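The figures here come from the full heavy-atom set of this structure, side chains too, leaving out hydrogens, waters and symmetry mates. This is a predicted model, so every value here is computed, not measured. Numbered from 1 within each chain, the chains take letters A, B, ... in sequence-line order.
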There are 2 protein chains.
Amino acid sequence: MSATEVAPVSGGSAPRSRDDVVAAAGRLFAKRGFHGTSMRDLGDELGMLGSSLYSHVRGKNELLVEVIAKGAEFFNGVVVAAAEQTGSAIDELRNLVYGHVHVVVDHIDEARTFLFESRFLPEANRRQIVEMRDAYEAAYRKVISRGIAEGDIAADVDPGITAIFILSVLNALIRWYRPSGERTAAEIADEMWAFISGGIVTGVSR
Amino acid sequence: MSATEVAPVSGGSAPRSRDDVVAAAGRLFAKRGFHGTSMRDLGDELGMLGSSLYSHVRGKNELLVEVIAKGAEFFNGVVVAAAEQTGSAIDELRNLVYGHVHVVVDHIDEARTFLFESRFLPEANRRQIVEMRDAYEAAYRKVISRGIAEGDIAADVDPGITAIFILSVLNALIRWYRPSGERTAAEIADEMWAFISGGIVTGVSR
DNA sequence: CCTACCGATCGGTAGG
DNA sequence: CCTACCGATCGGTAGG
């Protein structure tokens, strides 16, 4: 129970909001997967019966849609914010990378569900998410192309596959990030940026 | 039906081996997830009833264990083969990268199930797989450290987090690889190696 | 590999 | 948010 809640008269618990339900669904979908989470599991997490959830949401699919929509919004916000800045392509790319890291660190459950459970979305919603991911990737391709034009990114870099590689490093954070880890979000982003921008081999000829 | 099979007398189908069942389980677990695949789904895939599968395997968990064990064996083989070669750390790292790409391309279903469904393994098996993944990562850390000692990898590279980044790029292939794509396994490996070894920014000072 | 089942659990509903 | 359910589906078994 949070410090701001008033203790109920006898052994009860505060009523849950719809947002509480969606947040709890994010936690369980992230940990056990969509198909590995039952409505009764979710009820337990919230201290109520599975059947009681239907006064908050129409069904289990609706919860998946909402959790993933939240994840999509967070990631989309990074692209929008980076596009609003004026600066070199390298600066914009760095902003995209740092923004992505912060979304993962600040919203790990929604990010995990977004990345791993989208395939279980109803078809119409799934298509939307695929389109959004394509647009996200396209933003990376675009900024890489601009970086090549500006002379800051090597001319022999392929924007298409390089966008995939950069997003590979970023998305993998969703798998390995643990809040209890020793690195802060800023430290992780710094190390990622060094790896992405600089590679690892000394005096590479490219 | 494969070309080597003899057509059954009337509308039947050839009996399935245990290996057929495990291979089909890999296909479905990779596509729909472990919890998204029922024994009846798997029976359909093989042209038999779900209940008939129990003459081949003890249960659904056993199938997950076997598919993932196959994946683990393939990846482990790459580390063993790379360690047998004598050469510079850079050569060994390149062999590890190319070997990993080939396992993903040649055994995509087992690789996918290994990466995405291991968390649903019975606890004892899950622990084994976690240990195997730790050893796999340790092999990368070790070869990176050797590369630094040999002067071929920059001294300010952190072997621990860099191993994670390299494996991020490699493991993401499991998500985006499509056999119908335009790049061959060798081309993909070449591009990955260029990205990992060289970075993307021109004239980086490191 | 099929027939014929089993108990447990699933997502979900009616009515309060 | 609970009581009291529903039909469908789940993993799995006995016996052939």
Side-chain angles (χ1 to χ4, degrees), chain A residues 1 5-26 28-29 31-68 113 117 120-123 125, chain B residues 1 5-26 28-29 31-68 113 117 120-123 125:
Chain A
M1 189 187 311
E5 282 171 31
V6 173
V9 176
S10 70
S13 56
R16 310 299 183 151
S17 70
R18 186 189 165 93
D19 276 356
D20 291 333
V21 175
V22 175
L28 293 195
F29 292 167
K31 199 200 297 182
R32 310 183 198 173
F34 177 68
H35 285 305
T37 303
S38 73
M39 292 300 271
R40 285 159 179 86
D41 290 339
L42 184 52
D44 284 349
E45 176 81 7
L46 289 158
M48 65 173 84
L49 294 176
S51 59
S52 300
L53 294 165
Y54 291 86
S55 57
H56 291 290
V57 291
R58 243 182 285 263
K60 196 186 174 191
N61 278 335
E62 189 173 301
L63 281 168
L64 184 64
V65 169
E66 285 209 29
V67 172
I68 290 178
T113 305
E117 309 300 322
F120 301 123
L121 241 19
E123 183 52 25
N125 299 283
Chain B
M1 190 188 309
E5 282 172 28
V6 174
V9 178
S10 71
S13 57
R16 310 300 183 153
S17 70
R18 186 188 165 93
D19 276 354
D20 291 335
V21 175
V22 174
L28 293 194
F29 293 166
K31 201 202 294 182
R32 310 184 196 172
F34 177 67
H35 285 305
T37 303
S38 73
M39 293 300 272
R40 284 159 179 84
D41 290 339
L42 184 52
D44 284 349
E45 176 82 6
L46 289 158
M48 65 174 83
L49 295 176
S51 59
S52 299
L53 294 165
Y54 291 86
S55 57
H56 291 290
V57 290
R58 244 182 285 262
K60 197 186 174 190
N61 277 334
E62 190 175 301
L63 281 169
L64 184 64
V65 169
E66 284 208 30
V67 172
I68 290 178
T113 305
E117 310 299 323
F120 302 123
L121 241 19
E123 184 52 26
N125 299 284

**OP:** Flag the pair E62(A) / H56(A) as yes when at least one side-chain heavy-atom distance between them is below 4.5 Å, and no otherwise.
**Re:**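 No, their side chains stay 4.5 Å or more apart.
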Expected output: side-chain [X] to main-chain [Y] donor-acceptor under 3.5 Å:
| X | Y | value |
| --- | --- | --- |
| D44(B) | D41(B) | no |
| K60(B) | H35(B) | no |
| R16(B) | V21(B) | no |
| T37(A) | G33(A) | yes |

**OP:** Could you check whether H35(B) gets within reach of a base, just the sugar-phosphate, or nothing at all, counting any heavy atom under 4.0 Å?
**Re:**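 The answer is nothing, as H35(B) stays clear of every strand by at least 4.0 Å.
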**OP:** Could you check whether S55(A) gets within reach of a base, just the sugar-phosphate, or nothing at all, counting any heavy atom under 4.0 Å?
**Re:**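 Here S55(A) touches the bases of the nucleic acid.
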Check the distance between [N]'s [atom2] and [X]'s [atom1] and give it to me in whole angstrom.
| X | N | atom1 | atom2 | result |
| --- | --- | --- | --- | --- |
| L49(B) | dA4(C) | CG | C1' | 11 Å |
| F34(A) | dG11(C) | CZ | P | 8 Å |
| R16(A) | dC1(D) | CZ | P | 7 Å |
| D44(B) | dC1(C) | CG | C1' | 15 Å |
| E45(B) | dC1(C) | CD | P | 14 Å |
| H56(B) | dC2(C) | NE2 | C1' | 12 Å |

Original post:
What distance do N125(A) atom CG and I68(A) atom CD1 have between them, rounded to the nearest 0.5 Å?
Top reply: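 Reported to 0.5 Å precision, the distance equals 8.5 Å.
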**OP:** Please round to the nearest 0.5 Å and tell me the distance separating atom CG of D20(B) and atom CG of L46(B).
**Re:**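 It is 7.0 Å, given to the nearest 0.5 Å.
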Original post:
Do you know the tightest heavy-atom contact between V65(B) and P122(B)?
Top reply: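 Scanning both residues, the minimum pair turns out to be CG2-CD, 4.2 Å.
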Are there any protein N/O atoms within less than 3.5 Å of an N/O atom in nucleotides 12-16 of chain C, and if so, which ones and at what distance?
from	atom 1	to	atom 2	distance (Å)
dG12(C)	OP2	Y54(A)	OH	3.1
dG12(C)	OP2	K60(A)	N	2.8

Subject >> Parallel, tilted or perpendicular: rings of F120(A) and F34(A) (30°, 60°) >> reply: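 Answer is parallel, since the angle falls under 30°.
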Subject >> Base-pair map of DNA chain C as dot-bracket, where | denotes pairing with a different strand and pairs are Watson-Crick or G-U under 3.5 Å >> reply: ||||||||||||||||
